[in-house]
Amino acid sequence: MPRTLKLAAAQMGPVHLTSTRTETMDRLLTLLRQASTLGAQLVLFPETALTTFFPRHLITSPDELSNYFDSASTLLTSPNTAPLFNLAKELNIDISIGFAEWDESAAAGSVAGANVKGYNTSVYYSARKGEIVAKYRKVHLPGTVEPFSNPDAVNQLEKRYFAPGNLGFQAFRAPDLVKSVLKKGGHGVEAKEDVKGKGDPILGMMICNDRRWVEGWRCYGLQGVELVLCGYNTAGFAPDLWGTRKPMTPEEAETDAVFHHKLCMQGNSYMNSCFSVSAAKAGMEDGKYDLIGGSCITSPEGHVLAEAKTKGDEIVFAEIDLEDCRQGMEKTFDFGRHRRIEQYGLITTQTGVVEPELLG
Ligand code: CDV
């Protein structure tokens, strides 16, 4: 049985320090309406979609910092965020969006020098339910607590403002997003094998840097994920962050950054037999910080089905059939038959690299 889904990434052009919340919200609403005209049932917005990517700045004023955060509990009611969820409900479109989540309890145990105010978070809103049905907090926070010593460096101070996500990689089902699916206790459901690939779509969220880490993808793969959603803000040129062993022009660096982005989305989609959708915040933010575009939708065979053509506000759209995940899940990547967990101990017992002894 086909389980088709009309899917969109809502790529955003830059949002500046000077952009007002109202201006940014208007752009989000326009993108959602555009996706609706294409028939989208699910729209993904970028990481920290409501503001500029503020972790590139050293912000010391508590008031200024609090302007970039929102509380998860008031997303559906706050004037800063409610219009988007209200429109999603009206248009009957599920949405997923990234934002900086204010949660002062996150600061407990944070490292010296940090000024942790919460988490780098994304939520999944089900239009049919009229509620947020899943929340994910970014696990792999890139960058540093303190700015680089180079005054011209592009900083990435996520470890300063956010605590690492503490919700794991929890897959979830999107209620009634796809028609004609099996429900619990449904007619003809006898064994667990009978329901595989037949229920409501299985989704997982990750945020930006997470896409570079196979561990998160595999955690989702082990829950039968069919679609991974990933919003991002990826610098096009950040030699202090990435290293300078092979000097590159900003143009070469950006080409490489887009290549690595797609490599992660395509390779990990293939190795976990799932679709993925990624949505960038792109272009020159705050006047001088270049972010890559490259928002795309990829298939379980690792192909790019649709991708952004600009670095501005743009809808990337594809109709997918979740049934296409079955081939990989049942053959090459049938985890139950082929994985050898007795050989993978290092993955969960060791964090950093330990090289074999030097030879004599
Ligand atoms: N927002 C991010 O997580 N950005 C990172 C850094 C390393 C540019 C990324 O992985 O794209």
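Treat the numbers as computed from the prediction; the structure is a model and nothing was measured. Start at 1 and go down the list; that is how both ligands and their atoms are numbered.
- Minimum heavy-atom separation, K309 to E314: N-OE2, 2.9 Å.
- The hydrophobic clustering, which links ILVMFWY residues whose side-chain heavy atoms are closer than 4.5 Å, places I207 and V277 together.
- Considering backbone and side-chain N/O atoms, N209 comes within less than 3.5 Å of an N/O atom of ligand 1.
- With a 4.0 Å cut-off on non-hydrogen atoms, L241 touches ligand 1 through its side chain and not its backbone.
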Could you give me the CA-CA distance, side-chain angles and deciding distance for Y136 and Y124, then say whether ring pair (Phe, Tyr, Trp, His ring centres under 6.0 Å) is met? CA-CA 9 Å; Y136 170 76; Y124 187 93; over 10 Å; no
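- For ligand 1, the atoms closer than 4.0 angstrom to any heavy atom of E158 are 1 (N), 2 (C), 3 (O).
- The T234 neighbourhood of ligand 1 comprises atoms 9 (C), 11 (O), with distances under 4.0 Å to a heavy atom of that residue.
- Here D324 contributes atom CG and E301 contributes atom CD; the two are 8.0 Å apart, rounded to the nearest 0.5 Å.
- Those atoms of ligand 1 that come under 4.0 Å of a heavy atom in N233, given as number and element, are 1 (N), 2 (C), 4 (N).
- Counting only N and O atoms by type, the side chains of N233 and T48 include a donor and acceptor under 3.5 Å apart.
- Protein heavy atom closest to atom 3 (O) of ligand 1, with residue, atom name and distance, is K138 NZ, 2.7 Å.
- Atoms of ligand 1 lying under 4.0 Å from at least one heavy atom of E47, given by number and element, are 1 (N).
- Distance from atom 10 (O) of ligand 1 to its nearest protein heavy atom, with residue and atom name: R212 NE, 2.7 Å.
- In E355, the CD atom is not crowded: 12 or fewer heavy atoms of neighbouring residues, nucleotides or ligands sit closer than 6.0 Å.
- Note: H57 and Y289 have perpendicular aromatic rings, judged against thresholds of 30 and 60 degrees for the angle between ring planes.
- Checked against the 6.0 Å centroid criterion, the rings of F69 and F54 qualify as a close aromatic pair.
- With a 4.0 Å heavy-atom cut-off, ligand 1 is reached by the side chain of F53 but not by its N, CA, C or O.
- Heavy atoms of H261 come nearer than 4.0 angstrom to ligand 1 in no pair at all.
- Closest protein heavy atom to atom 2 (C) of ligand 1: C208 SG, 2.8 Å.
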